[in-house]
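Encoded as structure tokens, the structure appears first; notes follow it.
Letters go in sequence order (proteins before strands), and every chain restarts at 1.
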There are 2 protein chains.
Amino acid sequence: MTTVTARERLVAAAVEAFAEKGFTATTTRDIASRAGMSPAAVYVHHDSKESLLFHVSLEGHRAALDVMRRAIGEGGSSVEVLRRVVHDFSRWHAANSRVGRIVQYEFDALTPEHRAEVATLRRDIEHAMRDVLQRGVDEGELAVVDVSGTALAILSLSIDLVRWYRPREGGASAEQLAALHADLAERMVAVA
Amino acid sequence: MTTVTARERLVAAAVEAFAEKGFTATTTRDIASRAGMSPAAVYVHHDSKESLLFHVSLEGHRAALDVMRRAIGEGGSSVEVLRRVVHDFSRWHAANSRVGRIVQYEFDALTPEHRAEVATLRRDIEHAMRDVLQRGVDEGELAVVDVSGTALAILSLSIDLVRWYRPREGGASAEQLAALHADLAERMVAVA
DNA sequence: GTCTATAAAAGGATAGAC
DNA sequence: GTCTATCCTTTTATAGAC
């Protein structure tokens with residue numbers, strides 16, 4: 001029996017609201033109401049609306065990077081690693097599309113200090129994807145002319161779904177989307 | 001010698017501000033100031049901040065759809081058409097990334113009526129991309145298992161660059177990005 | 001069509017009781 | 001830690017002169 005603290009309800013309410021309406025359009029009253037507390041109670045747990053965003057954004061970036069690193073860590077051939085990375089990264093964004101939208105679209109709403117902290121995680125994610133491709137090229141298993149550009153393109157494929165994907169009856173599941181993306185990414189870089 | 005009307009200055013100022021700070025975070029004072037006029041003057045030309053957004057969003061969607069339709073209209077083999085569509089669509093988003101950001105990220109800020117009108121153009125864009133792939137499959141020139149899913153994936157590739165692309169010294173040009181995307185899209189769907 | 005001035009409302013954050 | 005009440009600022013939009 002898990003206990004849900006007010007703090008956790010607050011973060012969950014913020015994720016809902018920020019993902020649905022955007023950071024600026026979300027009011028502290030809205031967050032408080034979704035969490036079942038008064039507007040004033042919000043400030044017991046967080047200094048400001050932005051600090052709540054920072055918490056969500058930082059944890060979201062960490063989770064995304066973690067998914068990618070685990071996928072790489074499991075090893076295998078370059079093609080296998082690429083497929084697993086794209087599969088798991090896409091699936092995470094589909095299954096966590098609300099946090100994903102906040103991570104991707106509210107970066108500029110962070111304070112300069114918080115933005116800088118999150119930016120290092122973003123660089124790590126891009127670096128990890130480049131490394132996957134470069135290893136494949138070095139081993140002769142992947143054919144990639146522009147490693148940096150292709151890494152960004154594959155990240156776009158996995159990330160952009162937060163813009164439009166909503167889990168729904170009869171639609172594609174996160175797993176189906178992930179499988180499709182793994183196939184498409186492999187075809188983008190496989191040796192002829 | 002082209003005359004720039006106050007109306008045009010206003011739209012240009014709105015594009016700048018909305019792309020930079022987002023619709024909700026942009027104040028009418030900010031738009032007015034960028035256009036070199038008083039806050040009150042804004043309302044001579046537009047009923048509300050949202051109607052300005054609608055104007056920008058509608059014209060942006062129309063321009064994007066137009067680019068895609070022209071690329072298709074020039075004809076050629078299925079592969080040639082696909083390459084041209086992806087190339088031109090990506091290049092348009094890179095060259096017009098500010099309008100592109102507004103088009104993609106401020107859809108939910110529109111009123112229900114305006115949102116419905118813009119939504120028809122979005123459906124047209126997705127439909128056009130599916131048709132390009134389906135024609136290639138029918139002619140045996142493209143190998144696509146999931147036409148709908150792959151169409152969305154290729155659109156993601158072309159669109160997501162508005163999230164991160166900024167023209168800068170030494171970086172990739174819009175043309176280089178477009179060429180890369182055309183190559184990657186072709187590989188995603190080319191027959192083995 | 002543009003200005004100054006301002007109305008009317010909303011929003012981030014805090015005070016102080018419990 | 002949570003509440004009610006409220007301060008203070010910002011913001012959209014309008015009134016009315018020129």
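- When atom types are taken as modelled, the side chain of B/Arg98 and the backbone of B/Val15 share no donor-acceptor pair closer than 3.5 angstrom.
- Among residue pairs with one or both ends in residues 94-130 of chain B, those qualifying as ring-ring contact (aromatic ring centres under 6.0 Å, His included) are A/Tyr105-B/Tyr105, B/Phe54-B/His114; sequence neighbours excluded.
- The side chain to side chain donor-acceptor pair (under 3.5 Å) check on B/Arg62 picks up B/Glu59, with sequence neighbours excluded.
- Note on B/Thr5: nothing from the nucleic acid sits closer than 4.0 angstrom, heavy atoms only.
- With sequence neighbours excluded, the residues satisfying side-chain contact (heavy atoms from CB on, under 4.5 Å) with B/Ala172 are B/Gln176.
- The stretch residues 32-43 of chain A touches DNA chain C through A/Ala40, A/Tyr43, each having a heavy atom within less than 4.0 Å of the strand.
- How far CD1 of B/Ile154 is from CG of B/Leu133: 5.0 Å, rounded to the nearest 0.5 Å.
- Between the side chain of A/Glu8 and the backbone N or O of A/Thr5 there is at least one donor-acceptor pair closer than 3.5 Å.
- The distance from atom CD1 of A/Ile159 to atom CH2 of A/Trp92, rounded to the nearest 0.5 Å, is 9.5 Å.
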Restricting to nitrogen or oxygen on both sides, can you table the protein-nucleotides 7-10 of chain D pairs closer than 3.5 Å?
none

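- For residues 12-30 of chain A, the pairs satisfying side-chain hydrogen bond (donor to acceptor under 3.5 Å, both in side chains) are A/Glu16-A/Arg34, A/Glu20-A/Arg34, A/Lys21-A/Asp30, A/Asp30-A/Arg34, with sequence neighbours left out.
- Within residues 47-60 of chain A, the residues approaching DNA chain C are A/Ser48, A/Lys49, by heavy-atom distance under 4.0 Å.
- The list of side-chain hydrogen bond (donor to acceptor under 3.5 Å, both in side chains) pairs with a residue in residues 181-192 of chain A, not counting sequence neighbours, reads A/Arg83-A/Asp183, A/Arg83-A/Glu186, A/Ser90-A/His181.
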Solution key, residues 36-46 of chain B side-chain donor-acceptor pairs under 3.5 Å, sequence neighbours excluded:
from: B/Ser38; atom 1: OG; to: B/Ala41; atom 2: N; distance (Å): 3.4
from: B/His45; atom 1: ND1; to: B/Arg7; atom 2: NH1; distance (Å): 3.4
from: B/His46; atom 1: ND1; to: B/Ser51; atom 2: OG; distance (Å): 3.1

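- Rounding to whole angstrom units, NE2 of residue B/His46 and P of D/dA13 are separated by 13 Å.
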Side chains of residues 142-153 of chain A: which donor-acceptor partners sit under 3.5 Å, not counting sequence neighbours?
from: A/Asp146; atom 1: OD1; to: A/Ser148; atom 2: N; distance (Å): 3.4
from: A/Asp146; atom 1: OD1; to: A/Gly149; atom 2: N; distance (Å): 2.8
from: A/Thr150; atom 1: OG1; to: A/Asp146; atom 2: O; distance (Å): 2.7

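- Side-chain heavy atoms closer than 4.5 Å link hydrophobic residues (I, L, V, M, F, W, Y) into clusters, and following such links, even through other members, never connects B/Leu161 to A/Met129.
- Interatomic distance, B/Leu110 CG to B/Glu50 CD, rounded to the nearest 0.5 Å: 5.5 Å.
- Between the A/Ser97 side chain and the A/Gly100 main chain, no donor and acceptor come within less than 3.5 Å of each other.
- Protein chain A contacts DNA chain C from C/dG11 to C/dA15, reading 5' to 3' and using non-hydrogen atoms of the protein with a distance under 4.0 Å.
- Rounding to the nearest 0.5 angstrom, the gap separating the CD1 atom in B/Ile31 from the CZ atom in B/Arg9 is 14.0 Å.
- Contacts of residues 106-115 of chain B with DNA chain D (heavy atom under 4.0 Å): none.
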